[in-house]
S.K.: 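The structure that follows is given in the form of structure tokens.
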Number of protein chains: 2
Amino acid sequence: MPTIKEVAKMAEVSSATVSRFLNNSGYVGEEARKRILKVIEETGYVPSENAKSLRTKQTKVIGVILPKISTETSSRLVRGLDEVLAKEGYQILLANSGLSAEKEIEHLRLLKSRDVDGIILSATTNGAGLKAEIQRLDIPVVVVGQEVDDTPNVIFDEYQAAKDMVKHLIDHGHERIGFIGVSEEDPAVGVLRKKGYLQAMQERNLPIEESWIEKGIFDVESGAVAMERMMGAAIPPTAVFAVTDRLAIGAMNYVKSIGLRIPEDIAFAGIGASELSRYITPSLTTMDYQNKESGRVAAGLILEAIKSGGNSPEKRLINVRLLQGDSV
Amino acid sequence: MPTIKEVAKMAEVSSATVSRFLNNSGYVGEEARKRILKVIEETGYVPSENAKSLRTKQTKVIGVILPKISTETSSRLVRGLDEVLAKEGYQILLANSGLSAEKEIEHLRLLKSRDVDGIILSATTNGAGLKAEIQRLDIPVVVVGQEVDDTPNVIFDEYQAAKDMVKHLIDHGHERIGFIGVSEEDPAVGVLRKKGYLQAMQERNLPIEESWIEKGIFDVESGAVAMERMMGAAIPPTAVFAVTDRLAIGAMNYVKSIGLRIPEDIAFAGIGASELSRYITPSLTTMDYQNKESGRVAAGLILEAIKSGGNSPEKRLINVRLLQGDSV
DNA sequence: CTGAAAGCGCTTACAG
DNA sequence: CTGAAAGCGCTTACAG
């Protein structure tokens with residue numbers, strides 16, 4: 001493939017003129033226009049965005065850092081992002097942090113070195129290191145999923161969502177409610193959702209047993225393991241709130257395997273509105289976080305930040321919706 | 001953030017020396033080394049990959065074109081790709097074709113204009129236009145999922161997989177077997193899997209009723225609709241093979257809703273090894289296409305092509321595995 | 001061991 | 001309406 005210079009020579013014009021033609025900037029004579037077009041068609045010339053970026057100082061690419069590249073949550077988020085970004089001519093450069101805080105920072109730098117116009121970070125923590133790095137980077141960054149001060153932010157009311165879900169359980173007559181959480185290194189999922197659970201119980205003057213509180217990692221299997229432990233309690237709970245659908249589903253699988261009926265013997269609720277929650281039997285009561293919508297909003301925020309040239313530390317709260325299944 | 005020139009000035013060396021330091025190419029004196037390091041640390045300087053690419057003619061990014069950004073298949077593929085690509089210092093530039101053949105070609109060009117080192121295309125068709133465009137592009141491209149001549153290719157034996165699955169059904173005593181397919185514009189899923197079904201039936205001398213052959217799109221809902229139509233047949237089938245898990249699951253949902261038991265009254269099989277297939281009740285018998293592995297293989301192929309500088313038209317067949325569920 | 005200079009493929013004032 | 005020239009931030013022979 002030729003360069004702009006070669007195209008210019010073949011069309012017997014200067015490369016400046018070809019550039020004008022390409023970008024529709026400035027006048028290009030009818031004759032010149034025709035010759036250029038012809039050469040481009042014949043050669044299949046495509047301008048190098050890379051070289052262009054070097055001059056124009058914008059690459060039209062947005063870096064996206066995901067905690068895990070292949071979760072439902074991530075793919076929905078990316079879909080939302082792509083939906084609005086593609087329309088504006090932006091492409092997505094993907095990076096996988098693998099749930100590691102150091103990798104998040106490493107990728108922030110890597111993306112910066114690629115001269116991306118902005119970065120969307122789906123974060124798993126919100127440590128001081130992260131915040132410092134974002135400041136230092138000096139390009140638009142929007143953080144999704146964790147609250148980070150002084151940074152454009154797309155967040156969910158994790159605390160309220162968890163509290164609402166537990167109250168939903170209580171409203172269905174449950175008093176002994178178990179909890180399956182995750183590591184408290186994750187402020188949003190680990191800390192806030194647990195706090196919501198505790199608060200709901202307390203507000204309704206319900207007892208909390210240590211043995212009803214379990215922890216898993218982000219998969220089905222660990223939900224089952226946690227549930228098995230919980231069923232060893234002196235008085236097992238009649239309902240369980242798990243902080244993710246997968247955890248809830250693992251827990252359900254375990255109680256099914258020991259012959260209990262859901263929801264008659266024990267009820268379950270999760271968070272995430274996973275496709276699984278919908279098609280499992282019984283379907284799982286869960287919270288829809290509208291990840292795709294959060295992607296759209298994040299894309300809007302980054303576009304705004306790029307245009308205005310500054311990180312207005314705007315926080316956008318995504319609405320969550322309770323989806324009633326047959327598990328309660 | 002400074003440029004290399006500014007770093008050079010601050011460290012009282014030339015930019016050539018800074019470059020040597022950065023890339024570990026050529027000698028850099030101990031003193032100079034120290035001063036440069038200091039400046040870099042103080043300023044947080046990160047070299048521009050973009051400018052670098054312009055000189056070195058490689059960007060270390062691989063374009064990935066996906067039919068749909070948020071399907072399980074796509075995310076597994078990307079995970080496999082990222083696993084090996086990241087290790088080699090490559091990043092992934094994502095593009096979403098939205099199942100449209102024109103968009104596939106458009107993105108091929110778009111990625112080329114970004115000077116990507118190679119492109120992985122998860123294709124939905126294999127038309128002549130696509131092939132021509134790939135030739136024309138003149139950069140390494142590997143196509144996943146559809147067979148395209150003269151191009152590195154990662155494919156599955158769709159025909160055999162479908163045939164094996166239908167035979168599995170037959171081996172379980174079924175003779176009246178229905179089929180839910182997709183549009184035959186998709187050579188792999190639409191044509192080959194159907195052919196496998198027809199061939200299996202024929203080889204075992206089993207009758208095929210027109211009314212047992214239905215078509216859906218790639219979602220659960222259309223599987224249910226197709227199944228409803230199929231149950232209108234004079235003699236309904238005792239087993240159904242659907243070309244995707246989602247189609248199969250939709251179909252299962254429909255027969256459950258009219259009170260039939262699975263697999264006693266009617267059996268089901270799908271393809272895809274989706275997470276859903278595993279956790280649905282009853283679990284679905286399906287084919288594991290090992291998408292993540294196919295991603296790894298595709299990444300290997302593109303790396304090879306980049307190194308060798310040519311598209312050796314190598315075809316790699318990914319093994320598929322039958323996963324027995326309780327739906328048969 | 002190090003620097004000056006050219007060049008990668010573009011765009012953009014400036015001049016005509 | 002169009003071209004010559006400078007410059008974006010790097011790397012890389014070449015010379016010393």
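These numbers were taken from a predicted model, which means no experiment stands behind them. Letters A, B, ... are given to chains in the order of the sequence lines, protein chains preceding strands, and every chain is numbered from 1.
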S.K.: Compare all side-chain heavy atoms of B:T59 with those of B:R114 and state whether any distance is below 4.5 angstrom.
M.R.: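 Side chain of B:T59 against side chain of B:R114, heavy atoms only: no contact under 4.5 Å found.
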
S.K.: Taking atom P of D:dC10 as reference, at what distance in whole Å does atom CE of B:M1 sit?
M.R.: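 Those two atoms, CE and P, are 7 Å apart.
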
S.K.: Just how far, in rounded Å, is C1' of D:dT11 from CG of B:L54?
M.R.: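 It is 10 Å, rounded to the nearest whole Å.
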
S.K.: Would a 4.5 Å heavy-atom cut-off, applied to side chains only, mark B:I92 and B:L85 as touching?
M.R.: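 Counting from C-beta outward, B:I92 and B:L85 do come under 4.5 Å.
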
S.K.: With sequence neighbours left out, what residues match A:L54 under side chain to side chain contact (heavy atoms under 4.5 Å, CB included)?
M.R.: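 Result, side chain to side chain contact (heavy atoms under 4.5 Å, CB included) vs A:L54: B:A51, B:L54.
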
S.K.: Tell me whether B:E293 is salt-bridged to B:R296, with the criterion being a basic N under 4.0 Å from an acidic carboxylate O.
M.R.: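 B:R296 and B:E293: salt-bridged.
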
S.K.: Please give, in whole Å, the distance from C:dA4 C1' to B:K9 NZ?
M.R.: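 In whole Å, C:dA4 C1' lies 16 Å from B:K9 NZ.
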
S.K.: Going by atom types only, do A:S100 and A:S97 share a side-chain donor-acceptor pair under 3.5 Å?
M.R.: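 The answer is no; no qualifying pair exists.
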
S.K.: Give the rounded distance in Å between these two atoms: CD1 of B:I4 and C1' of D:dT12.
M.R.: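 Value for this atom pair: 12 Å.
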
S.K.: Identify which one of A:K315, A:E147, A:E314 satisfies the side chain to side chain donor-acceptor pair (under 3.5 Å) criterion when paired with A:N153.
M.R.: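 When A:K315, A:E147, A:E314 are each tested with A:N153, the side chain to side chain donor-acceptor pair (under 3.5 Å) holds only for A:K315.
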
S.K.: Give a yes or no on whether a salt bridge exists between B:K60 and B:E49, defined as a side-chain N under 4.0 angstrom from a carboxylate O.
M.R.: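 Looking at B:E49 together with B:K60, the answer is no, because their closest N to O distance does not fall below 4.0 Å.
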
S.K.: Between which residue ranges does DNA chain D form stems of three or more consecutive Watson-Crick or G-U wobble pairs, both distances under 3.5 Å?
M.R.: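 Stem list for DNA chain D: C:1-3 with D:14-16, C:5-12 with D:5-12, C:14-16 with D:1-3.
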
S.K.: Rounded to whole Å, please give me the gap between CD in B:E49 and C1' in D:dG9.
M.R.: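 Computing the B:E49:CD to D:dG9:C1' distance gives 12 Å.
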
S.K.: Below 4.0 angstrom, which residues in residues 16-42 of chain A have at least one non-hydrogen atom near DNA chain C?
M.R.: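 Here the set is A:A16, A:S19, A:R20, A:N23.
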
S.K.: For B:K5 and C:dA4, give me the distance from atom NZ to atom P, rounded to whole Å.
M.R.: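 Rounded to the whole Å, the gap is 11 Å.
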
S.K.: For the side chain of B:T3, starting at C-beta, report the closest nucleotide among D:dT12, C:dG9, D:dC10.
M.R.: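 Shortest atom-to-atom distance from the side chain points to D:dC10.
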
S.K.: So, is B:K57 near the phosphate of C:dG9, with a side-chain N or O under 4.0 Å from OP1 or OP2?
M.R.: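 Yes, because at least one side-chain N or O of B:K57 sits under 4.0 Å from OP1 or OP2 of C:dG9.
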
S.K.: Is A:Q135 atom CD crowded by more than 12 heavy atoms from other residues, nucleotides or ligands, each under 6.0 Å away?
M.R.: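 Yes.
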
S.K.: Which nucleotide wins on minimum distance to the side chain of A:R55, given the candidates D:dG9, D:dG7, D:dT12?
M.R.: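 Out of D:dG9, D:dG7, D:dT12, the nucleotide with an atom closest to A:R55's side chain is D:dG7.
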
S.K.: Does B:S14 make a side-chain N or O approach to OP1 or OP2 of C:dG3 shorter than 4.0 Å?
M.R.: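 Checking B:S14 against C:dG3: at least one side-chain N or O falls below 4.0 Å of OP1 or OP2.
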
S.K.: Taking side chain as C-beta onward, heavy atoms only, is B:K112 less than 4.5 Å from B:V116?
M.R.: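 B:K112 does not reach B:V116 side chain to side chain.
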
